[in-house]
Structure formats: structure tokens, C-alpha cells
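Okay, so here's the structure we're looking at.
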Amino acid sequence: AETVLITQQSHEELRKVLGANKMAAPDQQKLVVISVSPQSRASLAVRFQLNPTDTARKLTAFFKKIGAHYVFDTAFSRNFSLLECQREFVRRFRGQADPNQALPVLTSACPGWICYAEKTHGSTLLPHISTARSPQQVMGSLVKDFFAQQQRLTPDKVYHATVMPCYDKKLEASRPDFFSQEHQTRDVDCVITTGEVFKLLEEEGVSLSELEPAPLDSLCSSASAQEPTSHRGGGSGGYLEHVFRHAAQELFGIHVTEVTYRPLRNKDLQEVILERDGQVLLHFAAAYGFRNIQNLVQKLKRGRCPYHFVEVMACPAGCLNGGGQLKAPDMPGKELLQQVERLYGLVRTEAPEDAPGVQELYERWLQGSGSERAGRLLHTSYHAVEKAGSGLSIRW
Ligand code: SF4
């Protein structure tokens, strides 16, 4: 089933859909939206020796040339993922006595990690995983719900593809949780990797460097996109840093100016601590790569996990080093990663709550933060598959 799915979610499929869409009668045509992840943009920027803004504008020009109507940046939807994760953490921290409000909160943006958790340690891990949707799947809600309504279209009349640093994002987009039975459509119809964008460029005979840049699109009028923006913190989305700063302020009234990471066993396992008068108030960690994830799982199973919050990512060094990113045969992997990290961090950062358009969408689209709509459109659930001798599976 996974092979069929990967064939359906490929750059060949995207080309086929865009080609057929161009030829279709006007009333049969779909509105095509492509959402590009900032990690993919940084990888392409290194390959074509461009700055992030030029890369974003040239990618917009390229996708429009092959049939897209709008090109968005998943950095915008990530604002919602970060804010929802932050609210969930504060709520769970305050309700520590309630066993259903399990700490630590483990992040949910990495489908490689979610798949592992569901298949191997469901009953232990799932109560800990944040229910906030990943930036890709929040973008799915934004495009198929908010944006489709703006365009006076039903969700099935919009075709939504994303560009991601990762093959596992294809599996994430295909989860039944992100399929609308009512409209018979997925929130994200097709996921292609950064490497597949490169193949598309080659197949179209286009060099990104030589394309005329196009203006950037934005999802709502108050979020006019002049240039790409980013978050504070690491290249996998900045969950740890955003939630840490916010929780320090909201729970303890402490304003954190600088977040100091302390490396533990290796560079992919780091911790951040908030202390007052020698007492640990917040203990956060980032655990990247399966070696560190397995250690974390063992600690949790033995009831010896000291953390309140863990940013968990399956790839060593996180999403900038994802399996779908571009390789550079003539450059050592470490050097390539450093260059991608540098270009990723070269854009202006802003706090998610201050990003133009975010508050407006909470009010206009979601009827307020914490509303039933926000819960439905910005959160998800997980499903343990625990194989018993009989092949029985248990849904969480
Ligand atoms: Fe994908 Fe790796 Fe990022 Fe996980 S850490 S979302 S597997 S690129």
C-alpha cells in the first residue's frame, strides 16, 4: 500500500495533474495551490547559490509556469502549529495531577517519529504526543477550508501539493485523519520532496537562477508577503524554543532573552533548563535521530523521564537534513548541512503571535483560539497499532 501511495505522490503525478488541468474545460479545472517548506527552500537556495527571498520568488515563478495558481510558504501555517502546541503545553503543565494530561509533551510534527510511536509503543507514547497538527497539515486546513471558502470553491475543486524535505510527509498527508469524507478530498493531495523539485526543474529544462522572480503570494490580505520569515530556534520548526519562552513567561513570569542549549550525550540530544533559586522550573529537551528517540522511550517506560517537553525528530540534525533534501556529490555532508542551516537562518524572525494575518485568522476563520473549530481544524489524533498474537489492532 505504501508503494502505491508513493507512486501517487510523486513529481510525475504532479506533472500529470497539472498538465491535465491545463487541458480541462474551464468549469472542470481545479485551483492549484503549492505550499513550499522553508527547509526545502534553503536546500534549493544552496544548490542554486541564491538568497532565500530570491529562491522563494523564483520558485513561485517556476510553479506558476507549470500550472500552479498560488504558491504559499508553510512558515505561515507553522505559526498556528507553534501556538497550538504552546497552548497545549501550558494546559497540560497546569493539569499535571490529571493522568490524561500526560507530561512530558512530545512534539508531533515529524511523521517518521509518529509512525514509529504508533507502531511500536502506542499505549506508552501516544498520550504524550501533542495533538497539534504539523505545519503541512495546518496548511492543508488553511488551503482546503479557509482559502477554498475565500475563492468560493468546495475543497474538492482545489488541488493542493506541498514541497517537503522528507518522504514521510507523503505518508502523513495520506492518513485517513486528513481525508474529508464529505468532500472526498485530502487536505494535501500530493507531497513532493526537495529532490523531486530539482527533477522537475531539470525535466522542464529550467535553471532556477535564470528565472525572473515573481511576487510572493499570501493566504490572506493582512499577511501580504514581501519576503519569507522564520521562527527563533532550530531548523526543524523551533518548537522547543517557542514553547519554552512562552511557558517561562506565562507560567512563571520570567522573560527569557537567550535560550541556552546544553548538549548531552551527543549533538542531537540537548536540554534547556529554566531555574529559579536553584529549583528547576522547566526542563526541556530536543531528541533527534532514532538512537536518542529509543533512549527517550526507555526512560518514559521506566518512569524516569525528567523532561516536561521534548522536541522529537527522526532525522539526525533534524528536517534540514531530511531524506528528501538535495545531496551535493562534491561537498561533504557536514559542510552542505552547515550551508543549508546558514541560509535557513538568513531570513527575518518573528514570534508566531505577531505574524501578520495570524490573529485575524483566529478570529475570522476559527472563531477564536480554543474554539471547537480550532480544535477540529488544527489538531489531530493518533492510532496505536499493537500487534497481539491474533493480529488484533487497538485504536487509541
Ligand atoms: Fe521528515 Fe526527518 Fe523532519 Fe521527521 S525529522 S519531519 S522524518 S525530515
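In each ligand, atom 1 is the first atom listed, and ligand 1 is the first ligand listed. For the numbers below, each heavy atom of this structure counts, side chains included, while hydrogens, waters and symmetry mates do not.
- Here is the list of ligand 1 atoms found below 4.0 Å of a heavy atom in Met313: 5 (S).
- A side-chain contact (heavy atoms from CB on, under 4.5 Å) with Ser43 holds for exactly one of Val197, Asn321, Leu320, Thr194; it is Thr194.
- Between Phe72 and Tyr70, the angle of the ring planes stays under 30°, which puts this pair in the parallel group of the 30/60° scheme.
- Using bins of under 30°, 30° to 60° and over 60° for the plane-to-plane angle, the ring pair Phe48/Phe198 lands in the tilted bin.
- A chain of hydrophobic side-chain contacts below 4.5 Å, direct or via other Ile, Leu, Val, Met, Phe, Trp or Tyr residues, connects Leu208 to Leu18.
- Counting heavy atoms only, Pro111 comes closest to atom 6 (S) of ligand 1 of the residues Gly112, Pro111, Gly318.
- Of all atoms in ligand 1, numbered sequentially from 1 with element shown, those under 4.0 Å from a heavy atom of Gly322 are 8 (S).
- Taking backbone and side chain together, Cys319 holds no N, O or S atom under 2.8 Å from atom 2 (Fe) of ligand 1.
- Shortest contact from atom 1 (Fe) of ligand 1 to any protein heavy atom: Cys166 SG, 2.3 Å.
- Closest protein heavy atom to atom 5 (S) of ligand 1: Cys315 N, 3.5 Å.
- With respect to atom 4 (Fe) of ligand 1, the closest heavy atom belonging to the protein is Cys110 SG, 2.3 Å.
- Aromatic ring pairs are classed by plane angle as parallel below 30°, tilted from 30° to 60° and perpendicular above 60°; the pair Phe80 and Tyr362 is tilted.
- Looking only at distances, no side-chain donor or acceptor of His11 sits under 3.5 Å from a matching main-chain atom of Leu200.
- Residue contacts with ligand 1 include Ala314, since one or more of its heavy atoms lies under 4.0 Å from the ligand.
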